[in-house]
Amino acid sequence: MNNLKKKSLDEIQIARAFAIFAVLIVHSSSNGVTNIEPDSILFPIYNFFNIAGKLGTPTFIMLSSFVLFYNYFPREVNRGLIKRFYVKRLKFIIIPYVIFSLLYFVIKMYVYYDYPNISYAINRFLLLLALGKAHTHLYFVFISVQFYLLFPLLLVAFKKSLFLRKYAIIIGLIVQWIWVLLNDAYFHIPWKGSVSLSYLSFYFIGAYLGIYYTDLKNKFKQPFFKDRIIIPLSVGYGVILILYTGYMYLVRTNVFPAISENLPYLVTSYLGEFTWATYALFAGLLLFYLAHITNKTFSPKTKLFFMEIGATSFGIYLIHPLFLMIFRQFVSSGSPIVYHSWQVITFFLVTFLSWFVVRLIFRITSYYWFIFGKMEQPHLLFKKIKKEDDDRVLRKYS
C-alpha cells in the first residue's frame, strides 16, 4: 500500500461534475414526467433522461467514500484524527445542511402549508431536519451524515481486517440486500431511501477503490486487464439501462400492474429495487472510469470547466431546487413547443445560476463555507490546469 503523501485527484472533481449534471437532469425532467400524458410521443424521452440520470446520488456516495478511505486509510487512527474529521464535517456539511433545510422549510411553509402556530412549525422542522426531509433532495446529506458517524468504526475495521478489505464489494452488496429483504419483511420503513444501508454497496465499493487505488491504477496498465473490466462493465451498463428505463416506463404508464399478475412475487416486489441498484452500480463505476479517461483527453479549457463544476457541486446540489421552484412558476402549461422548450431552458438556467450564486458567495465573503461548504478556489484550478498543459507541451517537444 502506498503511504506517500496523497496528491489531489483531478479525476474526482470531473466525476463530481458528471454526477451533478446527472442530478440536474433528473430534477429538471421530473416536471415533464409528472405532467405529460403517458401516451405523448415525448414521454419516453422524458422517462429515459429522468431514469438514466438516477446515478448522481449513488455516485456522490461512492466518490465520498473513495475520498475518505483514500485520504484516511494510510493514517494512524487516533483521537486527534477523529476529532479533526468530525470538525470538518460539522463545518462544511452539517451547517450548510441545517441552513438549507431551514430555507426550504420556510419557503414551503409560506407557499404550501398553513401551520396552526409557531410551536407546531418548529417541531415539524426539527422532525424533518432529523429525517433529511425538509426538501426532497436533502436526503443525500442525511445519508452522508449517517456514513460520517460510522466512518471511524469502519475505518478501524477495514484497517484490521484483510478479509473485509478484499471482499468489500461482495460484503457491501450482501449487507445491502439483507437490509432490503428485512425491511420488506419486518421493519416496513417507508422512507428506506433515506437509510444509509440502502447505499452500502456504493459505500463499500468506494472504500475498496480508495484503499487499493494505486494498485488498481498500476494493474490497468497491464495488457488486457483493462478490457477484462471495462468491456463487461460497459455491456452490463447498457443491458441494465434498457431494463431499468423499460421497467419504469411500464410502471409510469400503468402497464406493469397488469403484467405483474403473472409474475413471481420476488420479481414484482424487488424488480424496481434490483434495476435501480444495479444500474446505479454499473453507472457509477463507468462514470468513475470515464472521469479518468477524460482527465487525460479533455482540452485544458474543457477540463477547467468540468473541474470548476465539480469543485462547486455540493453548493449547486444544495441550491438548485430553489431555482427550479422559481422557473416552474413561469411556464407550467401551454403549447407543446413552449412547454418542452422551457424544460430545456430551465435546465441550463438552473445550472448556470446555481453555479453563479455559489461562486458569487465565495467571492464576497470568506465565510462562504457556512452556506456552501468547502470548495477549491478558481484561480488554483486555473493554475493547476495551466501547469499540466505546460508540462504536456514540454513532454511533447522534449
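For clarity, every value in this text was computed on a predicted model and none was experimentally measured.
The environment of Ile337 atom CD1 is sparse: at most 12 non-hydrogen atoms of other residues, nucleotides or ligands sit within 6.0 angstrom. With a 6.0 Å radius and a threshold of 12 heavy atoms from other residues, nucleotides or ligands, Phe348 has its CZ atom at or below the threshold. Crowding of Phe92 atom CZ: a count of heavy atoms from other residues, nucleotides or ligands under 6.0 Å exceeding 12. More than 12 heavy atoms of other residues, nucleotides or ligands lie within 6.0 Å of CD in Gln222, so this atom counts as buried by the packing criterion. For Ile41, the CD1 atom is loosely surrounded, since the number of other residues' heavy atoms within 6.0 Å does not exceed 12. Counting heavy atoms of neighbouring residues, nucleotides and ligands inside a 6.0 Å radius, atom CZ of Phe220 exceeds 12 of them. Open room surrounds OH on Tyr167; 12 or fewer heavy atoms of other groups in view lie less than 6.0 Å from it. In Phe49, the CZ atom is not crowded: 12 or fewer heavy atoms of neighbouring residues, nucleotides or ligands sit closer than 6.0 Å.
Ile229 is not listed as a side-chain neighbour of Tyr289, based on a closest heavy-atom distance of 4.5 Å or more. Looking only at side-chain heavy atoms (C-beta outward), Ile174 and Phe204 stay at 4.5 Å or farther from each other. Residues Phe202 and Ser65 are not in side-chain contact: their nearest non-hydrogen atoms beyond the backbone lie 4.5 Å or more apart. Considering only heavy atoms from C-beta on, Leu68 comes within 4.5 Å of Tyr148 through its side chain. A 4.5 Å side-chain heavy-atom check between Val357 and Phe372 finds at least one atom pair inside the cut-off. Using a 4.5 Å heavy-atom threshold, the side chains of Thr294 and Phe18 count as touching. No side-chain heavy atom of Tyr279 sits less than 4.5 Å from a side-chain heavy atom of Thr275. Counting only heavy atoms from C-beta outward, the side chains of Tyr213 and Phe69 never approach each other to under 4.5 Å.
Residues Phe298 and Ile14 approach most closely at CE1-CG2, 4.5 Å, considering heavy atoms. Residues Phe100 and Leu318 share a closest heavy-atom pair of CD2-O, 3.6 Å. Leu173 and Ser201 get closest at one heavy-atom pair: CD2-CB, 3.7 Å. Across all non-hydrogen atoms, the minimal contact from Thr57 to Tyr139 is OG1-OH, 3.2 Å. Across every non-hydrogen atom of Ser28 and Arg328, the tightest pair is O-NH2, 3.7 Å. Looking at every heavy atom in both residues, Leu287 comes nearest to Ala19 through CD1-N, 4.2 Å.
Ring-plane geometry between Phe66 and Tyr70 is classed as parallel, the angle between the planes falling under 30 degrees on a 0 to 90 degree scale with a further cut at 60. Below 30°, between 30° and 60°, or above 60°: for Phe256 and Tyr247 the angle between ring planes is above 60°, a perpendicular geometry.
The distance from atom CD1 of Ile51 to atom CG of Leu241, rounded to the nearest 0.5 Å, is 10.0 Å. A distance of 11.5 Å separates CG of Leu286 from CG of Leu281, quoted to the nearest 0.5 Å. Separating the CZ atom in Arg16 from the CE atom in Met307 is a distance of 10.0 Å, to the nearest 0.5 Å. Within the model, atoms CG of Asn35 and CD of Gln343 stand 8.0 Å from one another, a figure rounded to the nearest 0.5 Å. For the atom pair CG of Leu324 and CG of Asn31, the computed distance is 9.0 Å after rounding to the nearest 0.5 Å. We find the OG1-CD distance between Thr278 and Glu273 to be 9.5 Å, quoted to the nearest 0.5 Å.
The side-chain hydrogen bond (donor to acceptor under 3.5 Å, both in side chains) analysis of residues 351-365, with sequence neighbours excluded, yields the pairs Glu308-Trp355, Glu308-Arg359. Counting only residues at least two apart or in different chains, side-chain hydrogen bond (donor to acceptor under 3.5 Å, both in side chains) contacts with residues 97-119 comprise Lys108-His135.
Checking side-chain atoms of Lys159 against main-chain N and O of Phe73 turns up a donor-acceptor pair under 3.5 Å. Tyr237 places no side-chain N or O within donor-acceptor distance of the main-chain N or O of Leu285, the cut-off being under 3.5 Å. Although no hydrogens or angles enter the test, the distance criterion places a donor-acceptor pair under 3.5 Å between the side chain of Asn183 and the main chain of Ile189. Judged purely by atom type and a 3.5 angstrom limit, Ser161 has no side-chain atom pairing as donor or acceptor with the backbone of Ala157. At distances below 3.5 Å, not a single donor-acceptor pair connects side-chain atoms of Glu11 with backbone N or O atoms of Ala291. Panel note: side chain Trp342, backbone Phe327; a donor-acceptor pair is recorded below 3.5 Å.
Note that Arg75 lies in the cation-pi zone of Tyr72, set by a 6.0 Å cut-off to the ring centre and a 45° limit from the axis. For the pair Lys54 and Trp276, the cation-pi criterion (under 6.0 Å, within 45° of the ring axis) is not fulfilled.
No donor-acceptor contact under 3.5 angstrom links the side chains of Ser40 and Tyr46, judged on distance only. For the residue pair His27 and His320, a side-chain donor N or O sits within less than 3.5 Å of a side-chain acceptor on the partner. Asn50 and Arg252 share a donor-acceptor pair across their side chains, judged by distance under 3.5 Å alone.
With sequence neighbours excluded, the residues that form a side chain to side chain donor-acceptor pair (under 3.5 Å) with Tyr270 are Asp184.
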Item to complete: Check the pair Leu209 / Phe288 against side-chain contact (heavy atoms from CB on, under 4.5 Å), numbers first and verdict last.
Response: CA-CA 10 Å; Leu209 294 174; Phe288 188 76; 4.0 Å; yes
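Checking Tyr86, Tyr203, Phe85, Phe158 one by one against Phe151, the ring pair (Phe, Tyr, Trp, His ring centres under 6.0 Å) holds for a single residue, Phe85.
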